[in-house]
Amino acid sequence: MKSEPGVYSIDTLQREGQTLWEGVRNYQARNFMMKDMKVGDMVLFYHSNAEPSGVAGLAQVSSPAVADPSQFKRRSKSYDAKSSTESPRWFCVSVRFVKKFERFVSLAQLRQTPGLAAMRLLQKGQRLSIMPVTGQEFERICSLASTAPRP
DNA sequence: GCCAACGTTGGC
DNA sequence: GCCAACGTTGGC
């Protein structure tokens, strides 16, 4: 799951413990939350549009998808006039803080890592804010987060 | 700040 | 249903 650290960082999540992942306005990303993500699933927390961008830590899905309340709030940037409480258009899960990585895993490091080349995140033009990761990719990234950085 | 890639919107 | 215009994302 991607977030711009200036907006919501891993530190914010650590402070708050848990958050509703509001504001996603892309159908593919929404569908991942609605259909694929289960309570207890592990989440790589990725800092996008950052200096540097990369995986900052781990979270965990802590609730099933519910109607995203921000779509009903007129003053919210995520307000959607075409949605209604009777048939909400947008859904989101909650995630809880698990850990901040000892070592931040930068995008450059991900790109350099053999075995991660097929990661969806690394494919050209990939802009989805939520996307699936394989078990192998997940393990690989966690091990990068706990081993010495490259020189 | 630039720009490629992609999604969405709306006229027809 | 097509597609041009526009908006957004996010790396660089």
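Below, chain A is the first sequence line, B the second, and so on; all start at residue 1. Computed over heavy atoms, backbone and side chain alike; hydrogens, waters and symmetry mates excluded. From a predicted model like this one, the values you see are computed outputs, not experimental measurements.
For the pair A/M131 CE and C/dG10 C1', the interatomic distance rounds to 11 Å; values are reported in whole Å. Atom-to-atom, CG of A/L121 to C1' of B/dA5 comes out at 15 Å; the value is rounded to the nearest Å. Spacing between atom NZ of A/K2 and atom P of C/dT8 amounts to 17 Å, rounded to whole angstrom units. Across the protein-nucleic acid pair, A/K124 atom NZ and C/dT9 atom C1' stand 16 Å apart, rounded to whole Å. Look at CD on A/E4: it is 7 Å from P on C/dG10, rounded to the nearest Å. In this structure, A/R111 atom CZ and C/dG11 atom P are separated by 8 Å, rounded to whole Å. As a whole-Å value, the separation of A/L122 CG from C/dC12 P is 10 Å. Atom OH in A/Y46 sits about 15 Å away from atom P in C/dT9, given to the nearest Å.
Both A/K82 and A/N49 lie near DNA chain B, and the one whose nearest nucleotide falls closer to the 5' end is A/N49. Where A/E51 and A/K77 meet DNA chain C, the nucleotide closest to each residue was compared, and A/K77 sits on the side nearer the 5' end.
In this structure, the side chain of A/Q123 engages the main chain of A/A117 through a donor-acceptor pair within 3.5 Å.
Residue A/Y27 is found in a hydrophobic cluster whose other members, listed by chain and number, are A/W90; membership requires side-chain heavy atoms under 4.5 Å apart, directly or through intermediates.
Comparing C/dG7, B/dT9, C/dC12 against the side chain of A/R127 picks out C/dG7 as the nearest. Out of B/dT8, C/dC12, B/dG10, the shortest distance to the side chain of A/Y27 is found at B/dT8.
Side-chain contact annotation: A/R25 with A/S70, donor-acceptor N/O pair under 3.5 Å present.
Taking the six-membered ring for Trp, A/F45 and A/W21 have ring centres closer than 6.0 Å.
Among the atoms of the strands shown, only primed sugar atoms or phosphate atoms (P, OP1, OP2) are found under 4.0 Å from some heavy atom of A/Q28.
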